[in-house]
Amino acid sequence: HQERLARYFADRRRPSGIEQFDVTDWFPGPHTGVPLLVETVAWLECALVATYDGGDHSVFVGQVLGMGRDPVGAPLLFCDGQFESLASPQAKSA
């Protein structure tokens, strides 16, 4: 269920600013107020420490201020141009 959100937030055509979060439920982070997505298996709330040029992208380094996770959900991975889940085979077939 996370692939839809991953594709949406990777799309450069999505709205900018707070409007980009209109497609999903979110709550404000307790430390910074940043939008934290409800439908994720884990979240990190960070303070920006540094930004580095990464060629065609930027690399952000943050200090973790808070975190949370869903103990039941399976992480979503993106590798070699495709999404994969770390769900057990039993969970995938359910």
Side-chain angles (χ1 to χ4, degrees):
H1 74 279
Q2 299 170 357
E3 185 175 339
R4 177 188 63 81
L5 283 177
R7 288 189 183 280
Y8 172 79
F9 282 106
D11 189 339
R12 294 180 185 203
R13 296 170 297 178
R14 75 180 187 280
S16 60
I18 196 68
E19 291 80 24
Q20 67 187 303
F21 298 98
D22 288 348
V23 300
T24 190
D25 292 330
W26 61 273
F27 60 97
H31 299 281
T32 64
V34 332
L36 300 173
L37 306 182
V38 171
E39 295 182 42
T40 59
V41 246
W43 58 265
L44 296 171
E45 183 179 11
C46 299
L48 184 61
V49 173
T51 305
Y52 299 98
D53 181 14
D56 63 347
H57 60 281
S58 297
V59 177
F60 299 103
V61 177
Q63 176 185 5
V64 177
L65 303 174
M67 63 183 129
R69 71 180 184 95
D70 173 358
V72 178
L76 179 68
L77 303 175
F78 187 77
C79 182
D80 291 330
Q82 59 188 356
F83 286 96
E84 295 291 335
S85 174
L86 290 182
S88 67
Q90 295 83 10
K92 286 182 181 179
S93 64

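Sequential numbering from 1 along the given sequence is applied to the chain's residues. None of these values were measured; they are calculated from a predicted model.
- Under the side-chain contact (heavy atoms from CB on, under 4.5 Å) criterion, P75 pairs with L86, not counting sequence neighbours.
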Expected list for residues 53-64: side-chain donor-acceptor pairs under 3.5 angstrom, two or more places apart:
from: D53; atom 1: OD1; to: G55; atom 2: N; distance (Å): 3.0
from: H57; atom 1: ND1; to: G54; atom 2: O; distance (Å): 3.2

Side chains of residues 5-13: which donor-acceptor pairs under 3.5 Å do they make with residues two or more places apart or in other chains?
from: R7; atom 1: NE; to: E3; atom 2: OE2; distance (Å): 2.9
from: R7; atom 1: NH2; to: E3; atom 2: OE2; distance (Å): 3.0
from: Y8; atom 1: OH; to: Q20; atom 2: O; distance (Å): 2.9
from: D11; atom 1: OD1; to: R13; atom 2: N; distance (Å): 2.8
from: D11; atom 1: OD1; to: R13; atom 2: NE; distance (Å): 3.0
from: D11; atom 1: OD2; to: R13; atom 2: NE; distance (Å): 3.3
from: D11; atom 1: OD2; to: R13; atom 2: NH2; distance (Å): 2.8

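- Hydrophobic cluster membership for L65: none, as no Ile, Leu, Val, Met, Phe, Trp or Tyr side chain comes under 4.5 Å of it.
- T32 pairs by the side chain to side chain donor-acceptor pair (under 3.5 Å) definition with E45, not counting sequence neighbours.
- In this structure Q82 satisfies the side-chain contact (heavy atoms from CB on, under 4.5 Å) test together with E84, sequence neighbours excluded.
- Under the ring-ring contact (aromatic ring centres under 6.0 Å, His included) criterion, the residue pairs touching residues 62-83 are F78-F83, with sequence neighbours excluded.
- Apart from F27 itself, the hydrophobic cluster it occupies contains V34, L36, V38, W43, where clustering links Ile, Leu, Val, Met, Phe, Trp and Tyr at side-chain heavy-atom distances under 4.5 Å.
- Under the rule for a salt bridge (Lys or Arg N to Asp or Glu O under 4.0 Å), the partners of R4 that lie at least two apart in sequence or sit in another chain are E39.
- The nearest pair of heavy atoms linking D70 to T40 is CB-O, 4.3 Å.
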